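The structure appears below as structure tokens.
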Amino acid sequence: MLTPSEIRKRSIDFSREHADDHDEKSQAQNFWRDFFGIWGLSPQRIGVFESRARTLRGTVGFIDFFWPGTLLVEHKSRGRDLEAALNQALDYCSTGGLKDTELPRFIVVSDFARIRILELADSGSGERIDAEFALEELHERLHLFNFILGYKQRKYADEDPVNIQAAELMGALHDTLKANGYEGHALELFLVRLMFCFFADDTGIFTKDQFAFIMEEKAHDDGSDTGLWIAQAFQTINTAHEKRMKNLDESLSVLPYVNGGLFEETLPVPQFDAPMRTVFLHCCLFDWSRVSPAIFGSLFQSVMDAKARRNLGAHYTSEKNILKTIHGLFLDELTADFEKAKANVPKLRALLARLKAIRMLDPACGCGNFLILAYRELRLLEIAMHKEIQRIEKQKYIDLDLYRGIDVDAMYGIEIEEFPAQIARTALWIMDHLMNVRLSEEFGEYLPRLPLTTSPHIVHGNALRLDWKEIVRPEDLSYILGNPPFVGAKLLGDTQRADVEHAIGHVSNYGLLDFVAAWYIKAVDFMQNTHIQVAFVSTNSISQGEQVGVLWSYLLSRGAKINFAHRTFKWMNEAKGVAAVFCVIIGFDLHGLSEKTIHDYPDIKGEAVGRPARNINPYLVDSRDVIIPNRSKPICNVPIMGIGNKPIDGGNYLFTTDEKEAFLLAEPQAREFFSKWLGSDEFINGWCRWVLWLGDCPPQKLKSMPMCLERVDAVRKFRLASKSAPTRKIADTPTRFHVEKIPKSTFIVVPKVSSERRPFLPIGFMSPDVICSDLLQLITDASLFHFGIIQSTMHMSWMRQVCGRLKSDYRYSNSLVYNNFPWPRCTPAVTSRGGSGETSGGTPLDFRSEGETSPLDPHILAVEKAAQAVLDARTLFPDSSLADLYDPLTMPPALVKAHKSLDASVDKCYRTKPFGTELERVEFLFGLYEEYTAGLTAEVKGGKRGKKG
């Protein structure tokens, strides 16, 4: 491939040699042969002179030069009207005489003295080329003709269907090869090499359609030698020009020398037939210049899995989400520094040197999405800096042969699977080429990087087993980024658990942590005594619930300081049948930036609203670095919340309505011992089961009920058979539950688990004739005021921030959520908190010491009135379950209104100024929490937990 200097010199020589040409008939073909020769192309290989075409008048004309699908040339004698020539060319395109696939993207007209170029369709860059210039200016306008070598500037869209179309084509090729016995490592590497060649054909790494021409024109139609031609092409690409055989087929001999290791390994030659060749040619002839290498990698990987392919659009990380990470980690800062350095060449050159020194690692890189986009953004910023220097120094020409800036060897990655690791390496090379094309768009020259002399450092290995220092020295690294795997702690496989133990077994209670947390811990250990900055996309579980105490206690102890954060947002995923994932992005280092930013999402599916923060704590709020512990009792003097009943009965005491009625037909005297049984699901969805409660049944009565005795005996045997010593111990009292909580008066119930879709966790009052399971939490001796506070948005905001998750559902914990909740100062103190046997964790805050509050306090009365209105609004819909009432799509307006009134009353208990956002509420509550707990000694529930969690 010619160098930029050679191409530029040839264009100047061309303008001089044809400066005096004037006759269309005798000199035009030589003019265009020499024109294409500027780029080392033979026009006969790509198109035809004097191509017949029909005009709008129905007559037959001749196109001076026609390159199907790419270019139409009309040439006139010197001094003739170029507008007329352009209209004649457009006439040929409008008659229907050309097939859709033949319609050109560009029209070029000339009269020897001037050249006019018109782009017929937007290539995706957002701008169409339309330019006219004098022949002697050609060397300054070479960038307009980048399409000749296949270069095309394009803006990529996440949802562009062309990305999925390309992946589906590769999927079809994968399937037909695998079905015929070509599989495993050979198939994966073979497809990656083809991916490179397809992109190379359409983006200027090869001469336009060079690889496709060989496969379409040279190989036999029956496919019998297609595999051989592909193998020869691969071998040629991996051989330096001076080492190639002299009698090599010309179409192969002109292929560039790529190097880089991609084509080094010898693969078995696949055998094609005619149908397989057809599938292969569909891939060859597809326009790969329209495909984003950043997105395509993940889509390409998914074609290897039939199940994943059914939801093809779901299996990539969108550019938008990756850019959130990149901007916060380094791009915003570098862009701001560029703005400050504008008009100052020494500062710009210093900033360019800083860019060149950047090294980054993605320790779970997959197909390289984060590295590819990070590399692209750095290159674009670098190009902008060169443009600014060119403007300041008034340079008309930059010798890009001397350009040596950021290169792909600055990118490091670790990937556990071989196939995506190969894709990542290849896609980075392709992105490097596309950025070189962009450079040529800006400066009129092309920066060649063939043969490849540098490679991305993509390591195929297990990031949780490898020593990252063996891949890159910490002192050489600038950034760590990525989105490590999303797997919950309780969903880990045996191999993953072993990996976690190996990587972070030194962390107390590590078994509670989700898989992604291991990357945080390895990163903070790796970056000690450096200025490395880190940003990971993660599930929001690491900033909520009990995981915060385990993970962030360790990270903070190692010096981690959060610099920016995207609070919970919905991972954009529109594929049917794929569960939504709620994510956060957290950027941190060991030194802390002076300017910190929190990006909040008032609409979890919408856009972020960023604002500065003094400090960002592990819950991603602007507050001091506090860890909310498990507490055995509330920090405020309010009623105790306990768990419901836990029978450990093997199901022998639980009945459906039909089962209960059948039981009573045979043993009617047992009716008085049946009670309604409610858990979270029954309470929220409006159904019930029944429980046979024999704990208070007199012995003589029990002996008169043989069927009840059978149940008691079954429970005793079930408990005796348990592997748990405590369970075997309670076999001595088979009529009693393991945990018993049966209030004698009305009580409040709070579900342990509720859908994240609901704006409120449904809470209610229950009468003492109902027995609740341990999936409901109970508050006895509670008032309407207590109900109103915990049913309010204020409490819901606190819950969403500090509760744990079961899948994506809220998991309400009394020890984390309720016991740490900062109640308003007007809260009336309780004289008896119940729950004898509570351990001491300091004296709970009693607001009476700050001034007596009365049941007649107007704030209390307002909350009680509004709370009753919420209960009354529910009764307007007696046939609706709480699930129906609190579904965001079906919540009745009367209930919405009642909750708004309750929120207004509760908010006034805290302060007079209304709260604008959930983040504002949470930050206010954290401030209260710090104040309330300043004199408390927190007792953390639960001991050390190891790998079993």
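Note that the structure is predicted; figures quoted are calculated from it, not measured.
Residues meeting the salt bridge (charged side-chain N to carboxylate O under 4.0 Å, His left out) test with D221, sequence neighbours left out: R277.
Between L177 and F280, the closest side-chain pair of non-hydrogen atoms is not below 4.5 Å. Two residues are said to be in side-chain contact when any heavy atoms from C-beta on lie closer than 4.5 Å; K218 and Q232 fail this criterion. Side-chain contact between W429 and S455 is present, with heavy atoms from C-beta onward closer than 4.5 Å. In this structure, the side chains of F515 and L491 stay at 4.5 Å or more apart for every pair of heavy atoms. Within the 4.5 Å cutoff, side-chain heavy atoms of Q422 are placed close to those of L262. No side-chain heavy atom of L361 sits less than 4.5 Å from a side-chain heavy atom of I532.
In this structure, S478 contributes its side chain and M360 its backbone to no donor-acceptor pair below 3.5 Å. Looking at H457, its side chain does come within 3.5 Å of a backbone N or O of D409 through a donor-acceptor pair. A donor-acceptor contact shorter than 3.5 Å is absent between the side chain of H460 and the backbone of E415.
The aromatic rings of W288 and F198 sit parallel, their planes meeting at an angle under 30°, below the 60° perpendicular limit. The aromatic rings of F145 and W39 sit tilted, their planes meeting at an angle between 30° and 60°. Ring pair W67/F36 is perpendicular by interplanar angle, where above 60° counts as perpendicular and below 30° as parallel.
Exactly one of Y412, F536, F526 qualifies for a side-chain contact (heavy atoms from CB on, under 4.5 Å) with P363. That residue is F536.
Residues R379 and D432 share a closest heavy-atom pair of NH1-OD1, 2.9 Å.
Screening residues 514-524 for side-chain hydrogen bond (donor to acceptor under 3.5 Å, both in side chains), with sequence neighbours left out, gives D514-S541, D514-Q547, Y520-S538.
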